[in-house]
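The next block holds one structure in the form of structure tokens; read it before the comments.
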Amino acid sequence: VQLEESGGGLVQAGESLKLSCTFWGRTLSASDIGWFRQAPGKEREFVASIGWTITHYADAVKGRFTITRDSARNIVYLQMNNLKFEDTAVYHCNTDPPQAQYWGQGTQVTVST
């Protein structure tokens with residue numbers, strides 16, 4: 001395992017969650033890391049990514065989600081505020097752009113109305 005997601009759960013609309021992506025290895029330490037999500041019946045989509053300092057966000061999450069990176073501990077966080085029902089999905093971390101060998105189980109985020 002080179003990347004591991006955690007922090008998902010069941011919350012009500014308007015609440016917050018913080019996801020963690022822990023990764024290992026020099027290659028990943030030097031890579032941009034992104035969060036991606038896949039809702040039931042939908043294609044996997046980009047959520048946010050971070051390099052050393054530059055961040056990118058999908059329009060759907062701008063202003064609500066914040067991605068940060070602890071380079072000393074090799075962890076990338078995704079702080080998700082004001083969650084909406086449509087944020088329900090399995091969230092995965094990977095390099096950005098993603099590479100096939102790094103897809104893992106992901107962490108389930110379920111937002112109830």
Side-chain angles (χ1 to χ4, degrees):
V1 175
Q2 293 183 282
L3 296 111
E4 188 171 73
E5 305 94 344
S6 62
L10 171 62
V11 296
Q12 293 188 334
E15 294 184 338
S16 299
L17 276 176
K18 188 174 184 177
L19 306 183
S20 298
C21 172
T22 305
F23 52 93
W24 296 266
R26 291 183 179 181
T27 299
L28 291 171
S29 297
S31 299
D32 289 7
I33 300 295
W35 282 97
F36 305 83
R37 67 186 182 186
Q38 188 166 21
K42 294 187 177 181
E43 296 290 319
R44 187 179 289 143
E45 63 178 1
F46 169 81
V47 176
S49 68
I50 186 166
W52 289 111
T53 57
I54 296 174
T55 58
H56 298 280
Y57 295 94
D59 288 343
V61 307
K62 280 181 182 176
R64 300 188 298 122
F65 291 12
T66 303
I67 189 169
T68 56
R69 183 174 191 146
D70 183 338
S71 296
R73 298 173 63 196
N74 281 356
I75 302 175
V76 168
Y77 300 100
L78 186 68
Q79 177 67 47
M80 306 186 294
N81 297 330
N82 190 22
L83 282 160
K84 302 177 181 181
F85 174 75
E86 50 265 40
D87 295 318
T88 296
V90 177
Y91 284 70
H92 300 266
C93 61
N94 201 318
T95 56
D96 184 32
Q99 299 181 55
Q101 69 265 34
Y102 293 135
W103 290 118
Q105 299 282 347
T107 186
Q108 176 71 48
V109 172
T110 303
V111 184
S112 64
T113 56

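Owing to the predicted nature of the structure, the values given are computational and were not obtained by experimental measurement.
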Q) Which one of Thr22, Leu3, Asn94 satisfies the side-chain contact (heavy atoms from CB on, under 4.5 Å) criterion with Leu28? A) Leu3
(Q) Show every side chain to side chain donor-acceptor pair (under 3.5 Å) that has at least one partner inside residues 28-46, sequence neighbours left out. (A) Ser29-Asn74, Arg37-Glu45, Arg37-Asp87, Arg37-Tyr91
Q: Answer yes or no: is there a side-chain heavy-atom contact under 4.5 Å between Thr88 and Gln108?
A: yes
Q: Verify the cluster assignment for Val90 and Ile67: are they in a single hydrophobic cluster under the rule of side-chain heavy atoms below 4.5 Å apart?
A: no
Q) Testing Tyr102, Phe46, Trp103 for ring pair (Phe, Tyr, Trp, His ring centres under 6.0 Å) with His92, which one passes? A) Trp103
Q) Any side-chain heavy atom of Glu4 sitting closer than 4.5 Å to one from Trp24? A) yes
Q | Co-membership, hydrophobic cluster, residues Val76 and Phe36, 4.5 Å side-chain | A | no
Q: Spell out, yes or no, whether Val61 and Phe85 are grouped together once hydrophobic residues are joined by side-chain heavy atoms under 4.5 Å, including indirect joins.
A: no
Q) Taking side chain as C-beta onward, heavy atoms only, is Thr107 less than 4.5 Å from Ser6? A) no
Q.
For the NZ atom of Lys62 and the OG1 atom of Thr55, what is their distance to the nearest 0.5 Å?
A. 9.5 Å
Q: Could you pull out all residues at least two apart from Gln2 that satisfy side chain to side chain donor-acceptor pair (under 3.5 Å)?
A: none
Q: Determine the minimum heavy-atom distance between Ala39 and Ala89, stating which atoms define it.
A: N-CB, 3.8 Å
Q. Mind checking whether Leu19 and Met80 have side chains closer than 4.5 Å, heavy atoms only?
A. yes
Q: Given side-chain contact (heavy atoms from CB on, under 4.5 Å), test Phe65 with Leu17 step by step and report yes or no.
A: CA-CA 10 Å; Phe65 291 12; Leu17 276 176; over 6 Å; no
**Q.** CD/Gln105: more than 12 non-hydrogen atoms of other groups inside 6.0 Å
**A.** no
Q) Nearest 0.5 Å, what's the SG-CG distance between Cys21 and Asp70? A) 12.0 Å
**Q.** Side-chain heavy atoms of Thr66 within contact of Tyr57, under 4.5 Å
**A.** yes
(Q) To the closest 0.5 Å, what do you measure between CG (Asn82) and OG (Ser16)? (A) 8.0 Å
Q) Once you round to the nearest 0.5 Å, how far does CG of Leu78 lie from CD1 of Ile50? A) 10.5 Å
Q. Quick one: salt bridge (Lys or Arg N to Asp or Glu O under 4.0 Å) pairs with a partner in residues 5-18, sequence neighbours left out?
A. none
Q.
On a heavy-atom basis, which atom in Val109 and which in Gly8 lie closest, and how many Å separate them?
A. CG2-CA, 4.1 Å
Q. Of all heavy-atom pairs between Trp52 and Ala30, which one has the smallest distance, and what is that distance?
A. CZ2-CA, 4.4 Å
